[in-house]
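Working notes, beginning with the structure itself.
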Protein chains: 2
Amino acid sequence: MSVKYSIGEFSKKTGLTIRTLHYYDEIGVLKPSFVTEKGRRFYSEQDLIILQKIVTLKFLGYSLEQIKEFLREDKWDIKESLTIQKQIMLEQKRQIEDVIKALDHALNVVEHHGNVDASIFMTLINGIQMEKEHKQFLKGILDEQKVEQIFSVSDERQREIEKESVGIMTELNELFGSEPDSQEVQSLINKLVDLMTELVGDWSFLEDLADIDVEGEEFIFPSPFTKEVEEWVLKGIEINMQKRGIKYDGSPKG
Amino acid sequence: MSVKYSIGEFSKKTGLTIRTLHYYDEIGVLKPSFVTEKGRRFYSEQDLIILQKIVTLKFLGYSLEQIKEFLREDKWDIKESLTIQKQIMLEQKRQIEDVIKALDHALNVVEHHGNVDASIFMTLINGIQMEKEHKQFLKGILDEQKVEQIFSVSDERQREIEKESVGIMTELNELFGSEPDSQEVQSLINKLVDLMTELVGDWSFLEDLADIDVEGEEFIFPSPFTKEVEEWVLKGIEINMQKRGIKYDGSPKG
DNA sequence: GCTTGCATCTTACGTTACGTTAGGTTTTAT
DNA sequence: ATAAAACCTAACGTAACGTAAGATGCAAGC
């Protein structure tokens, strides 16, 4: 037989570590075609071919357990298997793209503002993170057209809004303690409400939302402010809404 | 204090399992703000906010160990951290895209031919998998322009070539045993050589390659045939080359 | 006060694909 | 013969939990 390679040679030839070859032997995905009485492993040309398959299938994202089965019976439905695998990979890609988008927007803000308050930062990321689920969630409540309209703002504009919003929130944070109906605070809140309005169309759907019983699922919207600052800001928003002639009850639901 | 939630309630509110909360407590990333003498955990509103951060940072792909540090000192350089993270995610995305491309091409072939011989299949995937490294490798040997020219074939055409090649390889496999210089075999080999020539421009670079000492790194090109079939096919190629008036020595290098 | 039942606790092993010592044996080279 | 490589097995470590198993705790009904 052609038991050509010691494990060291085989390792160099394949680029896999000796430990990996030991492991493959152990779990039975590739046992060397010859083992001496004293336990030394020797691999053949045929083993090289099998390993080639293993490496290739690993590249496609299959687990060693799956690969083991594939090698056992070469009757596996390649087409179905590939299709499933592609679906899995596409899903992973989508997730990564979401993450990259969030990182991108976050960087956009950070590059403009320098280091930002952690809570505000988290709110920003969360908004992006939740966009899809949020959208899906709203589609179950409102009509689809409206939801699409709400989220119709361009990516570029969204970045703008994010930057400005973060700036305003930061300023609000710093103004905490002053009068909620002061000129300065009201001006900021005005801008913030305008920005949010641009982002979500109008806020009337919030009233629809209020009717829905979300059963402790308030975890969806984290606040960018501490408890006290939030109450203070809410007071400011209430005043602002009254000035605009819109009823808005910011008090917590009993 | 506001020790509002038992672990069960907290679990429902956050969507994380009790086990996960136990684990976060264990590794110190989130310890409940109150624990009874008998060990019962109770979480506060503040804990909710911290957990919100944890979940958000996890979404961005950070490890719990990193998150722990981030939470400890809120002086972390957000910008640098985000930039690094983005690079990591982009790299992951690239890798997944390579896999998807390979799966895609493979499916393209399988859908056209039905289940294909495993070895041929592996060769196909491997060609795609290795494309980048291969390209990089060749750039170290040949001039860049030539390398680019070699890989200039369109994606669509590449799929065509792959389908046809697989078909020919399959037929060759079935014809094994007949005379290498028969009309049928030579016709197939002719087509195969033509296809390969289209894919890689011309083969003259193979001669340049022969001068390079690759030191046991032949693992790069797996064969789509078994040992015997390969020898038989090589004989056919040799004959074909002679007919074309090109010297080609398919015999193994001593 | 007692039992039932649910909530919660700790302990600890399983998962994936190896990396990394540690300590002993075998083969090869001098 | 002896030293240096090469190789062996055994076993723990990794990340982020899932999944029992078995022991307590606690509120409610009898």
Side-chain angles (χ1 to χ4, degrees), chain A residues 3-43 47 50-51 53-71 85 88-89 92 95 99 216, chain B residues 3-43 47 50-51 53-71 85 88-89 92 95 99 216:
Chain A
V3 284
K4 299 191 175 175
Y5 313 109
S6 72
I7 197 169
E9 291 161 352
F10 204 63
S11 164
K12 270 178 194 157
K13 204 162 182 60
T14 62
L16 304 183
T17 68
I18 291 180
R19 171 58 176 136
T20 299
L21 294 171
H22 278 168
Y23 182 62
Y24 286 0
D25 183 1
E26 186 185 333
I27 66 171
V29 73
L30 175 63
K31 289 177 177 302
S33 44
F34 179 68
V35 181
T36 68
E37 306 167 17
K38 291 312 297 173
R40 254 72 202 263
R41 296 168 177 81
F42 287 91
Y43 294 86
D47 293 332
I50 296 175
L51 196 55
K53 287 190 192 179
I54 295 170
V55 171
T56 300
L57 291 173
K58 254 182 70 67
F59 170 74
L60 294 184
Y62 292 102
S63 73
L64 289 175
E65 200 52 45
Q66 289 174 299
I67 293 172
K68 207 170 132 186
E69 283 176 29
F70 291 165
L71 292 176
Q85 197 64 14
I88 294 172
M89 289 300 153
Q92 284 192 22
Q95 283 189 31
V99 172
Chain B
V3 284
K4 299 191 175 175
Y5 313 109
S6 72
I7 196 168
E9 292 161 351
F10 204 64
S11 165
K12 271 177 194 158
K13 205 163 181 58
T14 61
L16 304 183
T17 68
I18 291 179
R19 170 60 175 136
T20 299
L21 294 170
H22 278 169
Y23 182 63
Y24 286 0
D25 184 2
E26 186 185 333
I27 66 172
V29 73
L30 176 64
K31 287 176 178 301
S33 44
F34 180 68
V35 181
T36 68
E37 308 167 16
K38 291 313 297 172
R40 257 73 205 271
R41 297 166 176 83
F42 286 92
Y43 294 86
D47 292 332
I50 297 175
L51 195 54
K53 287 191 192 178
I54 295 170
V55 171
T56 301
L57 291 173
K58 252 182 71 66
F59 170 74
L60 294 184
Y62 292 103
S63 72
L64 289 174
E65 200 53 44
Q66 289 174 299
I67 293 172
K68 206 170 135 187
E69 283 176 28
F70 291 165
L71 292 177
Q85 198 63 16
I88 294 172
M89 289 300 152
Q92 284 192 22
Q95 283 188 32
V99 173

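Everything numeric here is computed off the predicted structure, so don't read it as measured data. The chains referred to below are lettered A, B, ... by the order of the sequence lines, with proteins before strands, and numbering in each begins at 1. Reckoned from all heavy atoms, side chains included, excluding hydrogens, waters and symmetry mates.
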note: B/Arg40, atom CZ; D/dA23, atom P; distance rounded to Å ~ 16 Å
task = Answer yes or no: is there a donor N or O on one side and an acceptor on the other, between the side chain of A/Glu9 and the main chain of A/Ser6, under 3.5 Å?
result = yes
Whole-Å distance, B/Leu21 CG to C/dT10 P, equals 13 Å
Exercise. Hey, is the side chain of A/Arg19 poking within less than 4.0 Å of OP1 or OP2 on D/dG13, counting only N and O atoms?
Worked result: no
A/Phe34 CZ to D/dC7 C1', in whole Å, measures 15 Å
Result for 5'-nearest mapping on DNA chain D, choosing between A/Lys38 and B/Ile27, is A/Lys38
Treating B/Ser11 as the side-chain partner and B/Leu16 as the backbone partner, does any N or O pair qualify as donor plus acceptor under 3.5 Å?
yes
Query raised in the report: Contact class for A/Ile7 (heavy atom, under 4.0 Å): base, sugar-phosphate, or nothing?
Result: sugar-phosphate
query: Counting only side-chain N and O atoms of A/Thr20, is one of them less than 4.0 Å from OP1 or OP2 of C/dG19?
result: yes
Atom CD of A/Glu65 and atom C1' of C/dT16 are separated, to the nearest Å, by 11 Å
Assign each of B/Leu64 and A/Gly8 the nucleotide of DNA chain D bearing its closest heavy atom; nearer the 5' end lies the nucleotide of A/Gly8
Separation of C/dA7 atom P from B/Phe10 atom CZ, nearest Å, is 18 Å
| message | Tell me whether B/Lys68 contacts the main-chain N or O of B/Ile27 through its side chain, where contact means a donor paired with an acceptor under 3.5 Å. | response | yes
ask   = Are any of B/Ser6's side-chain N or O atoms less than 4.0 Å away from OP1 or OP2 of C/dA7?
value = no
Tell me what B/Thr36 touches on the nucleic acid: a base, only sugar-phosphate, or nothing, going by heavy atoms under 4.0 Å. nothing
Is there a side-chain contact between A/Lys58 and the phosphate of C/dC18, meaning an N or O under 4.0 Å from OP1 or OP2?
yes
*Within the structure, does a side-chain N or O atom of A/Lys12 lie under 4.0 Å from either OP1 or OP2 of D/dA6?*
no
Rounded to whole Å, CD1 of A/Ile18 lies from C1' of C/dT21 at a distance of 15 Å
Discussion item. Heavy atoms only, 4.0 Å cut-off, all strands: where does A/Tyr24 land among base, sugar-phosphate and nothing?
Written reply: sugar-phosphate
Please state whether the phosphate of C/dC9, meaning OP1 or OP2, lies under 4.0 angstrom from any side-chain nitrogen or oxygen of B/His22. yes
Partner of B/Tyr43 under ring pair (Phe, Tyr, Trp, His ring centres under 6.0 Å), picked from B/Phe10, B/Phe34, B/Tyr5, is B/Phe10
Per side chain to side chain contact (heavy atoms under 4.5 Å, CB included), A/Thr14 is matched among A/Val55, A/Ile54, A/Leu51, A/Asp47 by A/Leu51
Taken to the nearest whole Å, CD/B/Glu26 to C1'/C/dC9 is 13 Å
Margin query: Can you see if the side chain of B/Thr17 gets near the phosphate of D/dC17 - specifically, an N or O under 4.0 Å from OP1 or OP2?
Written below: no
Rounded to whole Å, the NZ-P distance (B/Lys31 to C/dC9) equals 13 Å
